[in-house]
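Okay, so here's the structure we're looking at.
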Amino acid sequence: MESQPKIMIPDKKYPRVRFAPSPTGYLHVGGARTALFNWLFARHTGGTLILRIEDTDFERSSAEMVTGILEGMRWLGMDWDEGPFYQSQRLELYRATANKLLASGHAYYCFCTKEELEQRRSAAAATSQTPRYDGRCRKLTPADAARRKATGEAAALRFAVPLTGVTRFDDAVFGTLEFANEELEDFVLLRSDGIPTYHLSVVADDLDMGMTHIIRGADHISNTPKQVLQYQALGAPLPIFAHVPLILGSDKSRLSKRHGATSVMAYQEMGIVPEAFRNFLGLLGWSPGAAGKTADGKDRELFASEDLIQLFSLEGISHSNAVFDNDKLAWFNTEYIRAYPAERLLPLVAQEWKRAGYTPSRSTEENLLAIDLVKQRARNLKDFSTAFLAYFGDEFAFDPAAVAKFLGDAAVRGLLAEMAERYAALEVFDEATTEQALRAFAEEKGVKAGALINGSRVALTGQAVAPSLFAVMVCLGQERVAQRLRAAVTIA
RNA sequence: GGCGCUAUCGUCUAGGGGUUAGGACGUGAGAUUCUCAAUCUUAAAACACGGGUUCGAUUCCCGUUAGCGCUACCA
């Protein structure tokens, strides 16, 4: 990791928020939503978004995961103003902060070993006592502790939580939250190897980086009093906390691998359009309230990025957890695919083709026309590399079910081949003339036009599902149509 | 177990002391078409339970239940 970017001088007139993922996994759905809310808030208020990588757990963190997280943010169209900062490169700050806390008597050295602590914890659990650090090293005199530390004895630094009283803070979504200090244990600030824990580094950084709002997952609510205590010990003003409810799987348990994809990038691979995903995520745990009504009083669902930015507010964040609904995501996806102009859809489709190892054989012009023709029927980007292949080149598969349903009759196949010559001879090849030709041919042969239409559709596209047949013909072009109809005899 | 948070259709949610409790996804039915999707119409579907407060509670308060979170020298 190269040199660290500079932190700008905090200008408290505008909010400063951060997204602070831990690179122990890819960007997951919950993290992406937290990032989105921070980004939306920053953009709405004209504030600053800082990206901070919380990699103080060296064993579980990796550079690869950082890359993945940045990739996920970019895919969703989120940018950041400062960073990424790496906590692993800011260790001095944490030590300095720890020293301040030690000097002011808010922290003390603890010489208990990990094994001892574990033993006491399990002993407490066995007698159904609340397992909590008993504060025995707190009784050591500072001089004693300093001497032992000087001899090289391993020691962690713990925060001395007040024995009585309550710690209170205002949360922008949950209101005033209050915790009894006696419920809090003397948590570790610095591990015995000198590496800070999350509790210390998060406060030191949020302070140093001038954060005004802390927007993060509700799983941090219980950690917050520990952080508030540090702000107070340091004589620093509190930022505004805003805890965002969690995202749950379909069984209402916390979203995890067994619910399907948790990595944001997996949704790209599944053919989801980034804006659809962002729209969906933005509405999970947040709603614009009355501002999101349409003229006829219905709730709006479709919000472009700019709309989300304009409407976003902390007040709209809901208090309860939300279940991730794949069906609704799929619906957003089709809405966006259909609404995109072909020019905008093409790059996404091209990416999908690349991933599928497909190269279209027609021109960009023709591809754009084809995209416009078929996008109404797309549910997913994947459709463009599977069912829609016949529109972009001559290599495509025939759906066996479609063949069986509409081309099972050899007589029909023969008629199509015969009809191919009519099409080859057509002087004007547009929707009107192609339809005319087919209906005339059907009448002449004494068969239903529908049978020829359906058969042609399969012969031309390989699918039973397609746009209007004559539009398909025009899209494919005269030569191709004649060719594929001639080949009909060989299909079944 | 302790502490904390939460509770409106299956799901996302709006609303709020007096409403036919609204919308969206999904689901059912019908219409339409050249297949399918779309579209249109339409149907079913919710204030977790029990006590208060109040003329009146889904809304405010308390309790119960349930779900989730935290309970590490992880973040």
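First the proteins, then the strands, lettered A, B, ... as listed; each starts at 1.
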Centroid separation A/F277 to A/F332 less than 6.0 Å:
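They do not qualify: ring centres at least 6.0 Å apart.
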What nucleotide, of [options], holds the atom closest to the side chain of [X]?
X      : options             : value
A/S320 : B/G22, B/U35, B/A7  : B/A7
A/E301 : B/A38, B/G23, B/A14 : B/G23
A/K293 : B/G69, B/U35, B/A14 : B/A14
A/R338 : B/G23, B/G1, B/U39  : B/U39

Determine whether any donor atom in the side chain of A/N321 lies under 3.5 Å from an acceptor atom in the base of B/G67, or the reverse, and answer yes or no.
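Looking at the base of B/G67, it does not pair with any donor or acceptor on the side chain of A/N321 (distance under 3.5 Å).
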When the nearest nucleotide of RNA chain B is assigned to A/S468 and to A/A180 on a heavy-atom basis, which residue is associated with the more 5' position?
A/A180
If each of A/T130 and A/R377 is mapped to the nucleotide of RNA chain B with the nearest heavy atom, which maps nearer the 5' terminus, i.e. the 5' end?
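Upstream on the strand: A/T130.
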Measuring from [X]:[atom1] to [Y]:[atom2], what's the distance to the nearest 0.5 Å?
X      : Y      : atom1 : atom2 : result
A/R120 : A/R136 : CZ    : CZ    : 3.5 Å
A/I69  : A/Y26  : CD1   : OH    : 10.0 Å
A/Y108 : A/L101 : OH    : CG    : 12.5 Å

Under a 3.5 Å limit for both distances, which nucleotide forms a Watson-Crick or G-U wobble pair with B/G69, could you say?
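The base-pairing partner of B/G69, which may sit in any strand shown, is B/C3.
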Between protein and nucleotides 73-75 of chain B, what N or O pairs are separated by less than 3.5 Å?
unit_1, atom_1, unit_2, atom_2, d
B/C73, O2, A/S192, N, 2.7
B/C73, O2, A/S192, OG, 3.0
B/C73, N3, A/S192, OG, 3.0
B/C73, N4, A/C112, O, 2.5
B/C74, OP2, A/R191, NE, 2.7
B/C74, O3', A/R191, NH2, 3.4
B/C74, O2', A/D57, OD2, 2.5
B/C74, O2', A/R60, NH2, 3.1
B/C74, O2, A/R60, NH2, 3.0
B/A75, OP1, A/T56, OG1, 2.8
B/A75, OP1, A/R191, NH2, 2.2
B/A75, OP2, A/Y198, N, 2.8
B/A75, O3', A/E54, O, 3.4
B/A75, O3', A/E54, OE1, 3.3
B/A75, N6, A/N223, OD1, 3.3
B/A75, N6, A/N223, ND2, 3.2
B/A75, N1, A/N223, ND2, 3.1

Would you classify A/P245 as touching base, sugar-phosphate or nothing, given that sugar-phosphate means primed atoms plus P, OP1 and OP2, and contacts are heavy atoms under 4.0 Å?
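The residue A/P245 makes no contact with any strand.
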With sequence neighbours excluded, what pairs up with A/F396 under the ring-ring contact (aromatic ring centres under 6.0 Å, His included) test?
A/F398
How many Å lie between [atom1] on [X] and [atom2] on [N], as a whole number?
X      : N     : atom1 : atom2 : value
A/R300 : B/G22 : CZ    : P     : 22 Å
A/Y391 : B/A37 : OH    : C1'   : 12 Å
A/W286 : B/C12 : CH2   : P     : 17 Å

Go through it in stages, so that I can follow the logic: the residues are A/F241 and A/I215, the test is side chain to side chain contact (heavy atoms under 4.5 Å, CB included), and I'd like the CA-CA distance, side-chain angles, deciding distance and then a yes or no.
CA-CA 6 Å; A/F241 292 98; A/I215 304 169; over 6 Å; no
Distances under 3.5 Å only, N/O to N/O: pair up the protein atoms with those of nucleotides 25-29 of chain B.
unit_1, atom_1, unit_2, atom_2, d
B/C25, O2', A/K328, N, 3.3

Any side-chain N or O of A/R254 less than 4.0 Å from the OP1 or OP2 oxygen of B/C70?
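Yes, such a contact exists.
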Under 4.0 Å between a side-chain N or O of A/K252 and OP1 or OP2 of B/U11?
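True: A/K252 side-chain N/O within range (under 4.0 Å) of B/U11 OP1/OP2.
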Is A/R158 positioned over the aromatic face of A/Y133, cation under 6.0 angstrom from the ring centre and no more than 45 degrees off axis?
yes
Describe, in one word, how the ring planes of A/F384 and A/F388 are oriented to each other, choosing from parallel (under 30°), tilted (30 to 60°) and perpendicular (over 60°).
perpendicular
Can you classify the ring geometry of A/F324 versus A/F280 as parallel (below 30°), tilted (30 to 60°) or perpendicular (above 60°)?
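Judged by the thresholds at 30° and 60°, the geometry between A/F324 and A/F280 is perpendicular.
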